[in-house]
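Report on the structure given below.
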Number of protein chains: 2
Amino acid sequence: MNIHQFQYVLALAELRHFEKAAEKCFVTQSTLSTMISKLEEELGIPIFDRKKKPVALTAEGAVLLEQLKIVQREIESLKEISQEIKGEVKGRLIISVIPTIAPFLLPLFLHRFALQFPQLQIIVREQTTGEIIRQLKSRDIDIGIVSTPINDAEIEEQKLYHEPFVYYQAGKEPPKRIEAHELDLSNLALLEEGHCMRTQIIELCNYHENQLVNQLNFNFQAGSIDSLLRFVRGNGASTLLPYLSVYDFPEEEAKHISRFSDPVPFREIGLVVHRHFVRKRILHVLEEEILKAVKPILPNIDFSGKRLSPL
Amino acid sequence: MNIHQFQYVLALAELRHFEKAAEKCFVTQSTLSTMISKLEEELGIPIFDRKKKPVALTAEGAVLLEQLKIVQREIESLKEISQEIKGEVKGRLIISVIPTIAPFLLPLFLHRFALQFPQLQIIVREQTTGEIIRQLKSRDIDIGIVSTPINDAEIEEQKLYHEPFVYYQAGKEPPKRIEAHELDLSNLALLEEGHCMRTQIIELCNYHENQLVNQLNFNFQAGSIDSLLRFVRGNGASTLLPYLSVYDFPEEEAKHISRFSDPVPFREIGLVVHRHFVRKRILHVLEEEILKAVKPILPNIDFSGKRLSPL
DNA sequence: AACTCAATATTGATAGCATCGATGAACATT
DNA sequence: AATGTTCATCGATGCTATCAATATTGAGTT
C-alpha cells in the first residue's frame with residue numbers, strides 16, 4: 001500500500017478511463033492498472049467494475065473512495081503545513097466572496113494581498129453564502145468572505161469588521177441623518193432571494209417579505225448591488241446599501257444617502273474556512289490586508305456588544 | 001514520501017530512541033534513520049533534534065507530527081473500513097463506561113457482544129464522562145457509554161435507552177410509590193464530584209449543592225454506586241439510584257426502594273463515538289446487544305418528549 | 001587528553017517492486 | 001471477418017527500501 005496507489009484510484013474514479021487517468025498521474029496505463037489491482041488485492045475489495053464501459057466504481061469502492069479522498073487531503077495538508085513552516089506559500093487558493101461585498105471590497109486589498117504571495121495562484125469567485133459554505137465543506141474552495149456568523153460546526157469563522165447600512169432614496173434628497181424607526185418602508189427595493197443581505201434587511205425591518213414587496217406593483221429581482229441601484233434610481237424607489245458600496249459616491253449621488261443615527265443597523269463581515277484549513281499564514285495575511293484596507297474607510301462606530309439593530 | 005516513513009516518525013516521536021523505534025517498526029536502526037532523514041529532506045524541515053539526549057522533536061516537527069498522526073489515523077480508518085466491508089472485524093476496541101452504568105450494564109451484554117467478534121480484542125474501562133469525551137477526541141478510546149446528550153461537535157451520539165431513577169431509604173420502608181415533590185431531601189447522599197449522576201440529581205432536586213450536603217454533619221464522597229449504597233445503609237441515609245442497579249435486589253433490600261409516580265425522573269443513556277469513527281458495524285451490533293439485554297429489564301415507561309423531570 | 005560507551009549516521013550490497021514497452025485478451029463497432 | 005478500443009499481463013529494468021557492518025559523534029570517565 002502506498003500513496004501513489006491512492007492517487008491512481010482517485011484519478012481513475014474521476015476520469016473513468018485507465019489511459020487518461022494514467023496520463024494524469026504521469027505513468028503508463030500498465031503501471032496504473034497494476035497498481036490499482038495491487039491495492040484492491042491488499043484491501044481485499046474490488047474498487048472498480050471493469051466490465052462496465054466506461055469503468056465504474058463498485059458499491060464498496062464508492063465507500064472506500066470517500067476515505068481515500070480524506071487520506072489524500074490530509075497528505076496534501078501535510079505538504080501545505082511544511083510549506084507554511086518554511087514560509088513558502090505556493091499552489092492555488094480559491095477565495096469566494098458574496099456579491100454584496102465582492103465588487104467593493106476586493107479592489108481595496110486584492111492586489112496588495114496577491115503581491116505578498118507571488119508563487120500563489122489566487123482565484124476569486126462570487127457566490128452566495130449558501131454556495132460558499134457548501135463548497136467549503138466539499139473543500140472545493142479555500143476561503144469565503146461572507147456576512148457572519150454562520151454557526152456551523154465544520155466551519156471556522158474569523159470576524160473582520162462591522163459594516164453599517166445606509167439609506168438610499170432616489171428622486172428626493174433625504175436628510176443627512178435619519179432615525180431607523182422613521183424610515184419610509186414603502187417602495188423599498190431588495191435584492192433577489194438567496195442573498196443574505198436581502199434576508200438581513202427584511203429582518204431589520206421586522207417586516208414580512210410580502211408586505212415589503214407588495215408596496216410596488218411590479219417586482220424586480222436585482223442580482224447585484226449595482227443592478228439594484230440602477231433600478232432604484234430609475235423608479236424613484238429607495239433601498240438600503242452596505243457602506244462600502246457608497247463611501248466613494250460622487251457629491252451628486254451622495255445627496256441621496258442618509259446615514260443612520262444610533263443605533264446604526266449593520267452587518268458583520270468575516271472570513272470563513274473549513275475547520276481543517278491548514279494554511280494559517282495565508283489566512284492571517286488576508287485578514288491583515290483586508291483590515292488595513294478597510295479601517296481608514298469605515299466610519300468610526302463602536303458596535304461592541306450590539307446585535308443587528310432592527311429598524 | 002511513503003506511508004512507512006510516517007510510521008517511523010510516529011514511532012520515534014513516541015519512543016525517542018532510534019533503536020527502540022526501529023524495533024517497534026520491525027526494521028533496523030539503519031533503515032529508520034535513513035528513512036526519517038529522507039522524509040525530513042523531502043519536506044524540507046528537520047523534525048527531530050538529534051543533538052538532544054534523548055532525541056527530541058523540533059518546534060516545527062511537533063506541528064508536523066500532529067498532521068502525521070491525522071494522516072496515519074485516516075489510513076487506519078481506510079483499513080478498518082475495508083475490513084468492515086468484508087465483514088471481518090479484527091483489531092482492538094476500547095470501550096469506556098461511566099461508573100454509574102458499568103457494573104450493572106456490562107454483565108448484561110458484554111459476553112454476548114464479544115462472542116460476535118471473536119477476532120476483536122475488546123478492552124473495557126471505567127471513566128467519568130469528562131475523561132471519556134477527552135479520550136474520544138484524542139482517539140485513545142473508541143466508544144463511550146455515558147449519560148447523553150453531550151452536544152459536542154466532534155462527538156457523535158447514539159441514544160440507547162431511558163433509565164429511571166429510584167429512591168432508596170435506609171432504615172425505614174418507604175411506600176412503593178412516591179411522588180417526586182414529596183421526597184425527603186434531608187440526608188440525601190450523593191456520589192463524589194465528577195460523576196454526571198451527581199450533577200443530574202442535584203439539578204433534579206433544584207437544590208444547590210451546599211443545601212444538600214449540609215444536611216449531614218459529615219461528608220462522604222462515594223466513588224461508586226456500590227460504595228454509596230454501603231454508606232447510605234450504614235448511616236440511615238437516603239439516595240437516588242439508577243434503575244439497573246436495583247432491579248435484581250433481593251426482597252429484603254427491595255423494601256427500601258420507592259419507585260416514582262409520573263413524572264418519573266430519569267436519565268438518558270447513549271453510545272458516543274468520535275465523528276470520524278468508522279467501524280459502523282461494531283457500533284450497530286453493540287447497540288443491538290445492549291438494547292436486547294436491557295429492554296426486558298427496564299420498566300415500560302414512555303419517556304418520549306419528556307425532559308429530565310425535576311423533583 | 002585518552003578512553004569508553006551509547007546513540008546515530010553512513011556505506012555498500014541486495015532483494016523487492018514500481019515502472020516501462022510490448023503484447024495479449026476481451027469486447028464492441030463496422 | 002476485420003478493426004478499434006480498452007484493460008490485463010509479461011519480461012526487463014532501474015530505483016529504492018532494507019540490511020549488516022562500520023564510521024562518527026558526543027557525553028561521560030579515567
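A note on names: the letters A, B, ... follow the listed sequences, proteins ahead of strands, and every chain is numbered from 1.
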| said: Distance check needed: dT9(D) P versus E40(A) CD, whole Å only. | reply: 11 Å
| Atom-to-atom span, CZ of F18(A) to C1' of dC20(C) - whole angstrom | 17 Å
| Spacing of I36(A) atom CD1 relative to dT19(C) atom P, expressed in whole Å | 11 Å
| Does any N or O in the side chain of H17(B) come within less than 3.5 Å of the main-chain N or O of K20(B), such that one atom is a donor and the other an acceptor? | yes
| query | Which atom names give the shortest non-hydrogen contact between Q127(A) and S96(A), and what distance separates them? | reply | OE1-OG, 2.6 Å
| task | Can you check each nucleotide of nucleotides 17-25 of chain D against protein heavy atoms at under 4.0 Å and return B for base, S for sugar-phosphate only, - for none, in 5' to 3' order? | result | SSBBB----
| E131(B) with R134(B): basic N within carboxylate O range, under 4.0 Å | no
| task | Taking the side chain as every heavy atom from C-beta outward, state whether I225(B) and M197(B) have any pair of such atoms under 4.5 Å apart. | result | yes
| Greater than 12 external heavy atoms within 6.0 Å of E126(A)'s CD | yes
| message | Expressed as a whole number of angstroms, how long is the span from L39(B):CG to dT16(D):P? | response | 15 Å
| query | Is it the case that Q119(B) and E88(B) place a side-chain donor and acceptor less than 3.5 Å from each other? | reply | no
| Are the charged groups of K38(B) and E41(B) less than 4.0 angstrom apart, N to O? | no
| field | Strand DNA chain C in bracket notation, Watson-Crick/G-U under 3.5 Å with | for pairs to another chain | value | ||||||||||||||||||||||||||||||
| message | Please check if the number of heavy atoms outside R112(B) that lie under 6.0 Å from its CZ is greater than 12. | response | no
| task | Starting at atom NE2 of H17(B), determine the distance to atom C1' of dG26(D), rounded to an integer number of angstrom. | result | 14 Å
